[in-house]
Amino acid sequence: MSWMFMRGSLWKYLQSCQYGRTGNSLHHSPPAFFFNSEPEEVLCIDNPSASADEEMDSVVLFGVMRGNVVGLRYYTGVVSNNEMVALQREPANPYDRNAVKVNNVNGDQVGHIKKELAAAVAYIMDNHLAKVEGVVPYGANSAFTMPLQLSFWGKEENKQVVLDHLKRHGFKLAPMATGAGFGSNWITERAGPSYSAPVLPAVQMTAEQLRTEFDKLFEDLKEDDKTREMEPAEAVGTPLLPHQKQALAWMISRENSKELPPFWEQRNNLYYNTLTNFAVKEKPENVLGGILGDDMGLGKTLAAIALILTNFHDDKPFPVEMRKTNWSHQECNVTDKPGKCEKGNTNKLGKRKCEKDIGEHHKEATSCSFQHDTDFDLALAGPTTKLKKKATKKGTIVLQCNAKVVSEKKTRATLIVCPLSVLSNWIDQFEQHVKPDVHLNIYVYYGPDRSKDPAVLSKQDVVLTTYSVLTHDYGCRSDSPLHKVKWLRIILDEGHTIRNPNAQQTKAAVGLEAERRWVLTGTPIQNSLKDLWSLLSFFKLKPFADREWWHRTIQRPVTMGDQGGLRRLQALVKNITLRRTKTSKVNGKAVLELPERKVFIQHVTLSEDERQIYESVKNESRAVIGRYFNEGTVLTHYADVLALLVRLRQLCCHPHLAKNASFSGLPGDSTSEELREKLVNKIKLVLSSGADEECAICLDSLTFPVITQCAHVFCKPCICQVIHSEQPDAKCPLCRGELHLEHLVECPLEEPETAAVGKKDKEWLPSSKVSTLMHALIELRKKNPMIKSLIVSQFTSFLSLIETPLRKSGFVFARLDGSMTQKKRIEAIQCFQSSAPESPTIMLLSLKAGGVGLNLTAASRVFLMDPAWNPAAEEQCFDRCHRLGQKQEVIITKFIVKNSVEENMLKIQNKKRELAAGAFGTKKMSSSEMKQAKIKEIKSLIDM
DNA sequence: ACCGCCGGGTGCC
DNA sequence: ACCGCCGGGTGCC
């Protein structure tokens, strides 16, 4: 045994005493829910939608330990006590390939972690076994080294590997928040957020819950800045509704705000970020803008146009800007650097110092005590604006802000980016809402002839373009004039389209330069908190631009159920967002006074013949499903069960509908072509059955649905990831059946409706439900022939069947379903919305047709022919006519067949509504709970 | 003394 | 760094 070895061992032993915690706390088991909630958990699969590095869902805290940051004197980055730091591997370090850099929130290097610790941590970081994070608890002012609290976060399955690896290097992790030992409470006792282990299990909210909770934040707006109204500039030709005046006032206050951004406070001469405890000397810039997240139909476009014209910052008649610019700063020092007076420089007037931004000088009306000459004014204005001296009194100058564009960089132009589909809408709206005598320069940056000269763009008042053009130009960077102009204002319309942070389109939008930034969207949170992060990165809100800080301060705490995290999220969202839904209230008063909406349920009794068929199919189905229950294979036959239920639902509508509903059993020994066809039929059934199907892997709604050979439907990217990561013999997450990439079947594009289920008019037979509908329609026509109605069904073939009696009774109707081309849809909508006397009075509408924007306000009656699984889908459909522009009372009739699957569906709907009313942080059902819920649903649907 | 102790030189990775 | 570590100087009490 050599002497060196002795020494080394001793050293390691001492280290383990220094850093580690002894005692059984190490073996303290995590709360039971991490292990026990899913005894046969088959759905616990790596989330495929993001790389291991980014995916912070389902992580747990492995533990914490104390380490040291060394080499401080070689780096410029500084930290404050209690400040978060980032650890970054530096494999190319010539002295140590295990090197780990320590950076502050700003990204400046503070030092390295000590090499012995780095030797242990490097492996963990490189293999993504854990995310290692640091906080400097105290000693931030030390000259050479400082302590560092390290926390290790990762997936449960990696915990033991990490602990073992650290142990091999002589380190031990302590669980957080145990009172004993060296004051582990330090973190919670101090200012700033607490990052202790969460009290609630790591469960996620469903996207739906998240959206509901999000809306609750805005249920009844009472804040001053969100309820104050403001008249638009004269140039706006359309009178604004009260809520639009509120939007205008709020947007302008956001653009001119001098407040600190959220989570910053001033202490002494420094600005502190209260989340990370990062401190800076310079005042952090606030977002001059935000998210206008109003519901569809509340007039976001008009609000944005009013904003552009009202807060124009120009010598247009609006606002008539006579600015009295007075200077209170005795020490005013101006350089020719655009926009900034820099401390320490001199100007022609001598040595005067100023720390104010020039822009602020214009905006503020403060008193001034010395003379300026023209040169001074020009220098002050920088290359962007010219300040004309209007009058000079002793000690006071009145300057007119002339805003002549001198440079091509910074302009008065607003850039509006929108999807192509709404580009023409913007042009229309500008025409409609801007007074005709106002000459606003609008340039549509689109098409092959668009000018590539930034100077052309910067001369405009408004530049309109699309996300695709923006992204395309950004792709060939040298060719993107959009990215060369420093815009006065950018407005991203339908801003949720930038919710994928990795998408080129998002990067292209983030890459734009502007003073003021706006996002208009009806759905600020689509699916997850990640959506919000993309928006934040567009706003360049510090410190969230860096994903790590967003994760550590908000996203992870929230997903782990930490109350502090939720409060921070709420504060952040409230700060930058204005959102009103149709049901929002302002100081207790409804934002939008819509005509009343009444929902009636019309019970339908089946005829004897219909009842007979129904009962026989029901008994047959119960037998089949009962067998699945006995075998315990209900969920592996889920698609088949759905098919049976669909058949029953179709029988409630019309016996003909169920005739061609193919019910195929297990994919047995059929040929591959037959099998494929069966699978295609099944996936169509699952998707068209209106079941609110979720992908069992991402637990979100299906994107790119594909069906496996074992007849389970997943998102294509999700299941591909599973197959990829479980190679060579991947198993179906739902039934452990064999999985092969080449056997996945996609849902073929919806084919045009095969001529009304092949039934000719003469062969047509009525059904009880259709008769009830026709009776109602004819009664309605007698009462008022002008009233227009929507007839809604989930089964497009049912709509086709209904066409026959409509024709026979002389109704003029239009039709809208998923199989129609965009052009035909627009035609149908325009035709229906027309008030011409010969225009159709009836629209046959498939439940899910059209986006949220679909506007069918010409109708004031809705006949919902069959209930949907998800009440939200029905609501959305009703909103197509019960929205801004609806002048009449809206009456909705839901047809429900007595003693049938439909009645049971209603009960389930009511339960779902109750669930949706849960609170923020309500735990999401685990996948096994979800399975149980589904089984329960199936049972109650067919009275088992 | 193949030690201990002293005090100067020195200092991330 | 008001430390630790290194290595040279040194050596009874």
Side-chain angles (χ1 to χ4, degrees), chain A residues 1-22 53 62-154 162 165-174 181-184 186 276-279 546 548-549 552:
Chain A
M1 195 188 284
S2 78
W3 175 83
M4 279 303 290
F5 179 78
M6 286 288 284
R7 195 179 154 271
S9 303
L10 183 67
W11 166 235
K12 280 184 180 168
Y13 168 74
L14 288 172
Q15 264 191 325
S16 74
C17 293
Q18 183 191 349
Y19 297 119
R21 309 278 309 267
T22 51
D53 207 19
F62 294 167
V64 298
M65 72 175 190
R66 184 59 60 82
N68 282 305
V69 189
V70 295
L72 302 180
R73 60 162 156 160
Y74 301 99
Y75 307 99
T76 53
V78 288
V79 293
S80 313
N81 284 346
N82 245 343
E83 184 173 328
M84 292 180 166
V85 288
L87 303 185
Q88 186 193 3
R89 280 281 286 123
E90 190 188 17
N93 187 300
Y95 302 95
D96 181 359
R97 60 196 173 80
N98 292 323
V100 177
K101 293 206 286 183
V102 177
N103 303 332
N104 70 10
V105 176
N106 207 30
D108 301 321
Q109 186 172 0
V110 177
H112 282 99
I113 63 171
K114 234 168 148 19
K115 61 176 177 293
E116 295 79 8
L117 181 55
V121 166
Y123 174 83
I124 293 169
M125 292 177 76
D126 292 345
N127 292 292
H128 306 290
L129 296 172
K131 178 91 180 63
V132 189
E133 300 179 349
V135 174
V136 173
Y138 57 85
N141 296 321
S142 328
F144 306 99
T145 69
M146 56 174 68
L148 181 67
Q149 186 80 359
L150 296 137
S151 9
F152 292 71
W153 300 83
V162 169
H165 181 80
L166 288 171
K167 198 174 181 183
R168 236 173 288 138
H169 287 261
F171 299 103
K172 264 186 179 181
L173 291 188
F182 44 86
S184 58
W186 61 269
T276 60
N277 280 310
F278 179 68
D546 185 334
E548 171 160 0
W549 309 117
R552 284 176 66 173

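Lettering follows sequence order; numbering is per chain, from 1.
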Rounded to the nearest Å, what distance is computed from the [atom1] atom of residue [X] to the [atom2] atom of nucleotide [N]?
| X | N | atom1 | atom2 | answer |
| --- | --- | --- | --- | --- |
| A:Lys115 | B:dG11 | NZ | P | 13 Å |
| A:Glu116 | C:dC5 | CD | P | 11 Å |
| A:Leu117 | B:dC12 | CG | C1' | 13 Å |
| A:Asn68 | C:dA1 | CG | P | 14 Å |
| A:Lys114 | C:dG4 | NZ | P | 11 Å |
| A:Met146 | B:dG11 | CE | P | 20 Å |

Could you check whether A:Phe144 and the base of B:dG11 form a stacked pair, meaning centres closer than 5.5 Å and planes differing by less than 30°? no
With rounding to whole Å, what would you report as the distance between C:dC13 and B:dC2 at their C1' atoms? 25 Å
Nearest-angstrom distance, C1' atom, C:dC5 to C:dA1: 12 Å
Look at the side chain of A:Asn104 and the backbone N and O of A:Asn106, then say whether any donor-acceptor pair between them is shorter than 3.5 Å. yes
With a 3.5 Å distance limit and no angle check, can you tell me whether A:Asn81 reaches the backbone of A:Gly139 through a side-chain donor-acceptor pair? yes
For residues 92-109 of chain A, the salt bridge (charged side-chain N to carboxylate O under 4.0 Å, His left out) pairs (sequence neighbours left out) are none
Could you note down all residue pairs passing salt bridge (charged side-chain N to carboxylate O under 4.0 Å, His left out) where residues 77-93 of chain A supplies at least one of them, sequence neighbours left out? A:Arg89-A:Asp126
Across all strands shown, which nucleotide pairs with C:dC12 by Watson-Crick or G-U wobble geometry, both distances under 3.5 Å? none
Who passes side-chain contact (heavy atoms from CB on, under 4.5 Å) against A:Ala130, sequence neighbours left out? A:Phe62, A:Ile124, A:Phe152, A:Val162
Below 4.0 angstrom, which residues in residues 71-80 of chain A have at least one non-hydrogen atom near DNA chain B? A:Gly71, A:Arg73, A:Tyr74, A:Tyr75
How would you list, by chain and number, every residue that makes a side chain to side chain donor-acceptor pair (under 3.5 Å) with A:Asn98, sequence neighbours excluded? none
Please collect all ring-ring contact (aromatic ring centres under 6.0 Å, His included) contacts where either partner lies in residues 86-123 of chain A, sequence neighbours excluded, each pair once. A:Tyr75-A:His112, A:Tyr123-A:His165
Under the 3.5 Å rule, do the base of B:dC13 and the side chain of A:Asp96 count as making a donor-acceptor pair? no
